[in-house]
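Below is one structure, written out as structure tokens; comments come after it.
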Amino acid sequence: MPQRFWKFLGRQPVSQHRIFDVYHDRYRVAPGDIERDFVVIDSTDWINVVPLTADGEVVMIRQYRHGVRHVTLEIPGGMIDAGEDPAVAAARELREETGYEAAGLKLLGRMFPNPAVQSNTLHCYLAENVKQIGVPHPDEFERIEVVTVPLSDIPRLARDGSIGHALVIAAFGLMGALTERHP
């Protein structure tokens with residue numbers, strides 16, 4: 001219903017980067033026909049993967065994040081390549097970042113990471129019965145430590161801030177793993 005108040009007038013590029021482009025989108029909003037630019041970060045869609053071993057361990061990664069300037073505890077994830085199916089991207093990122101492979105992938109859900117300023121969608125997967133099949137092959141500027149964490153520890157780690165990445169917490173939430181009782 002509120003969409004009827006907004007009229008898209010055009011887009012101006014602001015800057016282009018390796019992983020996203022920034023635009024000023026101009027809108028006219030009624031009533032009053034007020035015009036304004038809004039910043040939009042245009043990025044490809046992303047995936048993240050909750051890799052779960054048969055023993056109930058979550059395969060996680062520790063990596064440095066420039067935005068917060070410290071190492072975070074996360075699940076594997078990344079960008080979907082042009083024309084790539086999200087499930088294929090999930091399996092690829094899992095192998096590249098951890099050296100693990102899944103017996104099967106289950107879509108947990110999709111979400112908009114930050115619809116106020118971002119245009120992309122995050123696809124969250126559960127990778128079941130993962131097994132290590134090799135060594136990680138991260139991107140050139142990734143330095144990743146692979147660790148395993150009992151699934152039962154996830155609620156505590158999210159509550160105490162050890163897991164602080166909102167999209168990682170959201171994936172665990174979709175899976176129902178943030179309560180003491182989980183699948």
Side-chain angles (χ1 to χ4, degrees), residues 3 18-21 40-63 65 67-68 72-139 142 144-159 161-183:
Q3 188 169 344
R18 185 180 68 81
I19 60 172
F20 63 85
D21 297 330
V40 174
I41 301 168
D42 193 30
S43 177
T44 186
D45 287 354
W46 304 331
I47 59 87
N48 67 15
V49 184
V50 179
L52 192 58
T53 68
D55 296 336
E57 297 279 319
V58 181
V59 179
M60 301 188 75
I61 59 175
R62 291 187 197 281
Q63 64 179 327
R65 291 301 195 178
V68 294
T72 61
L73 180 61
E74 304 179 8
I75 54 177
M79 296 177 11
I80 299 172
D81 292 338
E84 187 177 32
D85 180 87
V88 171
R92 175 181 52 76
E93 287 288 345
L94 175 62
R95 277 191 311 275
E96 287 176 4
E97 293 188 355
T98 68
Y100 281 72
E101 191 170 81
L105 287 170
K106 175 184 173 187
L107 180 65
L108 294 169
R110 296 178 185 90
M111 66 187 75
F112 301 124
N114 186 351
V117 295
Q118 291 176 238
S119 64
N120 63 330
T121 300
L122 171 66
H123 306 259
C124 301
Y125 287 89
L126 171 63
E128 299 176 296
N129 296 315
V130 297
K131 293 182 180 167
Q132 189 169 14
I133 61 161
V135 296
H137 294 285
D139 291 340
E142 288 179 315
I144 294 173
E145 176 190 7
V146 178
V147 297
T148 57
V149 174
L151 181 60
S152 60
D153 286 355
I154 297 302
R156 176 185 54 78
L157 295 171
R159 279 193 309 274
S162 297
I163 300 173
H165 192 309
L167 300 177
V168 172
I169 294 169
F172 284 120
L174 287 172
M175 141 178 204
L178 293 179
T179 62
E180 298 304 326
R181 293 170 286 141
H182 48 73

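Rounded to the nearest 0.5 Å, atoms CG (D55) and OG1 (T148) are 9.5 Å apart. Of the inter-residue distances, the one linking T44 atom OG1 with I19 atom CD1 reads 11.0 Å to the nearest 0.5 angstrom. Atom CG of L174 and atom CG of L107 lie 9.0 Å apart (nearest 0.5 Å). Atom CG of N120 sits about 6.0 Å away from atom CG of D45, to the nearest 0.5 Å. In this structure, NE2 in H123 is found 13.0 Å from CG in L108, a value given to the nearest 0.5 Å. We find the OG1-CZ distance between T72 and R65 to be 5.5 Å, quoted to the nearest 0.5 Å.
Between the E101 side chain and the R95 main chain, no donor and acceptor come within less than 3.5 Å of each other. The backbone N or O of A171 lies less than 3.5 Å from no partner atom in the side chain of N48, so there is not a single donor-acceptor pair.
Side-chain contact between P136 and I144: absent, with no pair of heavy atoms (C-beta onward) separated by less than 4.5 Å. Side chains of M175 and L151 form a contact here, defined as non-hydrogen atoms less than 4.5 Å apart. Between M111 and C124 there is a side-chain heavy-atom pair separated by less than 4.5 Å. Two residues are said to be in side-chain contact when any heavy atoms from C-beta on lie closer than 4.5 Å; F112 and T121 meet this criterion. Residues I163 and M60 have side chains in contact (heavy-atom distance under 4.5 Å, counting atoms from C-beta outward). A 4.5 Å side-chain heavy-atom check between L157 and F172 finds every atom pair outside the cut-off.
Nearest approach of T53 to V59, heavy atoms of both residues: CG2-CG2, 4.0 Å. A pairwise comparison of heavy atoms in I47 and P86 identifies CG2-O, 3.5 Å as the closest pair. The two atoms that bring W46 and I80 nearest to each other are O-CD1, 3.9 Å, heavy atoms only. Nearest heavy-atom pair across A177 and P155 is O-CG, 3.3 Å. Considering every non-hydrogen atom in both L94 and A127, the closest pair reads CD2-CB, 4.0 Å. The shortest heavy-atom contact between L105 and A90 is CD1-CB, 4.1 Å.
Each of T98, I61, L73 was scored for a side chain to side chain contact (heavy atoms under 4.5 Å, CB included) with V147, with one residue passing: L73.
Under the side chain to side chain contact (heavy atoms under 4.5 Å, CB included) criterion, D81 pairs with E84, R92, sequence neighbours left out. Remark: E142 engages no residue in a salt bridge (Lys or Arg N to Asp or Glu O under 4.0 Å) (not counting sequence neighbours). For the salt bridge (Lys or Arg N to Asp or Glu O under 4.0 Å) test, residues two or more places apart in sequence or in another chain that qualify with R62 are E145.
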Checklist entry - Between D139 and E96, does a side-chain contact (heavy atoms from CB on, under 4.5 Å) hold up when you go through it step by step? => result CA-CA 8 Å; D139 291 340; E96 287 176 4; 4.3 Å; yes
Next on the checklist: Using the rule given for side-chain contact (heavy atoms from CB on, under 4.5 Å), can you reason through E93 versus Y125, listing the C-alpha separation, both sets of side-chain angles and the distance that settles it, and then say yes or no?
Outcome noted: CA-CA 11 Å; E93 287 288 345; Y125 287 89; over 6 Å; no
